[in-house]
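Reading through the structure tokens given below for one structure.
We name chains A, B, ... by the order of the sequence lines, and we start the count at 1 in each one.
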2 protein chains.
Amino acid sequence: MRLGASNRQIWRSGAIGPSQLINRMKLPMTDQDQAPGRRTAKAPTIFDVAKQAGVSIKTVSRVVNAEINVRESTREKVLAAINDLHYRPNTAARVLSGKRFYVIGLIYENPNEFSYVQKVLNGALKACEAGGYTLLLLPLTLPNPDLIQDVRRFVSQSRLDGVVLPAPIGDFTSIQSLLTDLDIPFARIAPRMSLADELSIHCNDEQASFDVTQFLIDQGHQRLGFIKGDPIHAATAHRFEGYLRALKANAIEYHREYVQDGQFSFESGGSATRALLDLRSPPSAIIASNDDMAAGTIFEARERGLRIPEDLSVVGFDDTPIASRIWPPLTTVRQPIVEMAEALTGLLIQKLRGEPVDSSERLFACHVVTRASTGPRLVN
Amino acid sequence: MRLGASNRQIWRSGAIGPSQLINRMKLPMTDQDQAPGRRTAKAPTIFDVAKQAGVSIKTVSRVVNAEINVRESTREKVLAAINDLHYRPNTAARVLSGKRFYVIGLIYENPNEFSYVQKVLNGALKACEAGGYTLLLLPLTLPNPDLIQDVRRFVSQSRLDGVVLPAPIGDFTSIQSLLTDLDIPFARIAPRMSLADELSIHCNDEQASFDVTQFLIDQGHQRLGFIKGDPIHAATAHRFEGYLRALKANAIEYHREYVQDGQFSFESGGSATRALLDLRSPPSAIIASNDDMAAGTIFEARERGLRIPEDLSVVGFDDTPIASRIWPPLTTVRQPIVEMAEALTGLLIQKLRGEPVDSSERLFACHVVTRASTGPRLVN
DNA sequence: TGAAATAATGACAGCGTTGTCAATTTTAGG
DNA sequence: CCTAAAATTGACAACGCTGTCATTATTTCA
């Protein structure tokens, strides 16, 4: 099931654009690779390539770095030699000599629920491999009073060219200004802000929340409980807005008491649910802003002997592993995190290479995954 | 609750032993770090330190690398200069010049349940940071026909000094022989094999399984179902052995039909449970070899209207996030994964530095975490 | 066709370390 | 106090690449 996306442009693909040919090439295995001990078998250097191609090392360098002003015929000669010798530029030498480090940092929150980070990691890793960059990790425990210090140390000691900031790290303006001050490009998984040249990717959280709310309304639910997430995540506000918009679109009155605060944790989902179910007229459906809280909702409802979905429909967000491992399996909203992270990291690499980066808004579509935790309203 | 550990030596601590002072130092922030744009503010080099200390650069290099044959007074002078200038050796130059890369690879299975990898990652990252190494990641999807090729490419293209192999990757002998051929040191989370100088750390899986089985027996259970895990994991066999030993120790007859195969997945836990509950005399307690399967067990039991733990006690292994997010919360076995990974990576770094490595068996203790999914036997 | 402008290529000096090997200082032993 | 051995220190050449700037083709335009 794939509910309608928003009317804004949906941007996809992890294409990285033209550039360094070498880094792209997935070289075949060679005898040299196979030789026991890379410490003995010497890898070919730029000199070997230059000699074989009959040009200077500088020209080889130009070809490798996709610089302009190389005759097409020359480029082909060099490329052939590179292929012949299975040449790969030595990163240490490049770094030592040039101004770039070929390293991208990924700063993430180190939470209990790791599936989001896992997906981001997979996407970023893929883009880095494709682009010839190395990915370095900085796990952060929040809240962290030394946040800025830690980030600063990471950036300066690890010699980073750029940084990827997934949610919620990408929402910290303090980190953004630090990186701006340090003149380090960064890319965020977050709704874009003012800057025209900023790098960011996000998904239509608000729309997804609207969709899932509408889905419940279509099943006959009118009393809709909503459990907010940790306000530190920008998504928390967007999801709430989507809920509100759906209410309005269906002329359902907004009741303040149907909305509870949570912190994205299992426990907070439970206590919010307790408050909701204690109402004189409790909701027949509860929208939790993530799956952990939805699991808490199910837990709490079960404690009270409520049947799901007969007595209470429950939906979550994020389609984390737990969503399909609890009973009943959760109806939830899935984001294409891996693709988003890959695309985002690709954008950052483009920028680091000085390639032009499309400045239009980059928006991915979420969609509702329907499972057994939701059903038509049966109670009064 | 902490059930008895085995009688073998329990090894702990992430201590790394004497060595490179520089990499250890967590340098304070300096004006230089703070200066906007590390591209402009030049970092001090070995020459600056040498001049300030009044020695040659080679002597500085010796101090930094903790080489022998440096007079104590000289070492102190150099150290003082290093501190003064906030000097840190340039990795690119070190790599280019020397024979080491200061990079450790982590090869892991990229599963749905990521919490194990997350913990390993955290531990390895910590040790790498302390030791001045960079951690590079290779996620692998299993089964993978190109396994060896992928690993080979990773090792040779990423210029690794050593590799960390968590479970189940550490159980692949093909990878071990490849790395041995390539002359790349590696360290495994796995029971040790024959080699005396191998690097490995593991926990007492067999004992933990014995303990949890004994725990159930103590609660009055006699008909104990057991769901095996994926045979690719060495832990699968050990956990089964612990179960068998506990049966024997309590003079409970072993029934083949009480043991079902699983693959560590939620689904396989469900179908194994179906088979167990279909028996004429179904078990009153089920031991699943991991939490996902235990969740499947709970799911299936619920489908049949069984109450947990009144009608059926359930235990899992690993204390993954799901264990505390389902109803009822799972009694399970927790391993100190983060500590194990940190210690293991520390050992690898020691070896890479040529320091002596303690060759005794390194064993960590697991323990049973008691939650609501288990209780005394009530049914006949 | 010739001169100026432009495109293409190359020579060479770093980049900041470590390895090698020689030089110097200190220690030990008579 | 002298000598050999051992400990300590230093000079300098790599390491493999990129940046700078000079040089050499090629094209353009009058």
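Applying the 3.5 Å distance criterion, the base of D:dG19 shares a donor-acceptor pair with the side chain of A:Lys58. Between the side chain of B:Arg88 and the base of C:dG16, no donor-acceptor pair under 3.5 Å is found. One can find a donor-acceptor pair under 3.5 Å joining the base of C:dG10 and the side-chain atoms of A:Arg62. Taking 3.5 Å as the limit, the base of C:dG19 and the side chain of B:Ser97 contain no donor-acceptor pair of atoms between them.
Counting only heavy atoms from C-beta on, A:Tyr87 has its side chain closest to D:dC17 among D:dG19, D:dC12, D:dC17. Listed candidates were C:dC12, C:dG10, D:dG16. Nearest to the side chain of A:Ile57 is C:dC12. Relative to the side chain of B:Arg94, the nucleotides C:dC15, D:dC17, C:dT18 differ in distance, and C:dT18 lies closest. Candidate nucleotides D:dC17, C:dG19, D:dG19 were compared by shortest atom distance to the side chain of B:Lys99, and C:dG19 ranks first.
The separation between A:Glu67 atom CD and C:dG10 atom P is 14 Å, rounded to whole Å. Atom CZ in B:Arg75 sits about 15 Å away from atom P in D:dA7, given to the nearest Å. As a whole-Å value, the separation of B:Tyr102 OH from C:dG16 P is 17 Å. To the nearest angstrom, P of C:dT9 lies 12 Å from CD of A:Glu76. Rounded to an integer number of Å, the gap from CG of A:Asn90 to C1' of D:dA14 is 13 Å. Between the P atom of C:dA8 and the CG atom of A:Asn65 lies a distance of 17 Å, rounded to the nearest Å. Between B:Phe47 atom CZ and C:dG14 atom C1' there is a gap of 11 Å when expressed in whole angstrom units. A straight line from CZ of A:Phe101 to P of C:dC15 spans 15 Å, rounded to a whole angstrom.
For the 3.5 Å distance criterion, the side chains of A:Asn65 and A:Arg94 qualify, holding a donor opposite an acceptor. Between the side chains of B:Tyr133 and B:Arg100, at least one donor-acceptor pair of N or O atoms lies under 3.5 Å. Residues A:Asp358 and A:Gln350 have side chains that never bring a donor and an acceptor to within less than 3.5 angstrom of each other.
Note on B:Asn69: every side-chain N or O is 4.0 Å or more away from OP1 and OP2 of D:dA6. Not one side-chain nitrogen or oxygen of A:Thr45 sits closer than 4.0 Å to the OP1 or OP2 atom of D:dC15. Side-chain N/O atoms of B:Thr59 include one lying less than 4.0 angstrom from OP1 or OP2 on D:dG10. Using a 4.0 Å cut-off, some side-chain N or O of A:Arg71 falls inside it from OP1 or OP2 of C:dT9.
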Practice item. Might you work through the side-chain contact (heavy atoms from CB on, under 4.5 Å) test for B:Ile184 and B:Asp161, ending with a clear yes or no? Key: CA-CA 6 Å; B:Ile184 310 248; B:Asp161 295 305; over 6 Å; no

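The residue B:Val95 sits apart from the nucleic acid: no heavy atom pair falls under 4.0 Å. Here A:Thr91 lies out of heavy-atom contact (under 4.0 Å) with every strand.
DNA chain D is contacted by both A:Ile46 and B:Ile68; B:Ile68 maps to the nucleotide lying nearer its 5′ end (nearest heavy atom per residue). Where B:Ser61 and A:Glu72 meet DNA chain C, the nucleotide closest to each residue was compared, and A:Glu72 sits on the side nearer the 5' end.
Atom CG of residue A:Leu199 and atom CD1 of residue A:Ile189 lie 12.0 Å apart, to the nearest 0.5 angstrom.
In this structure, B:Lys126 does not pair ionically with B:Glu129, as no charged nitrogen and carboxylate oxygen lie closer than 4.0 Å.
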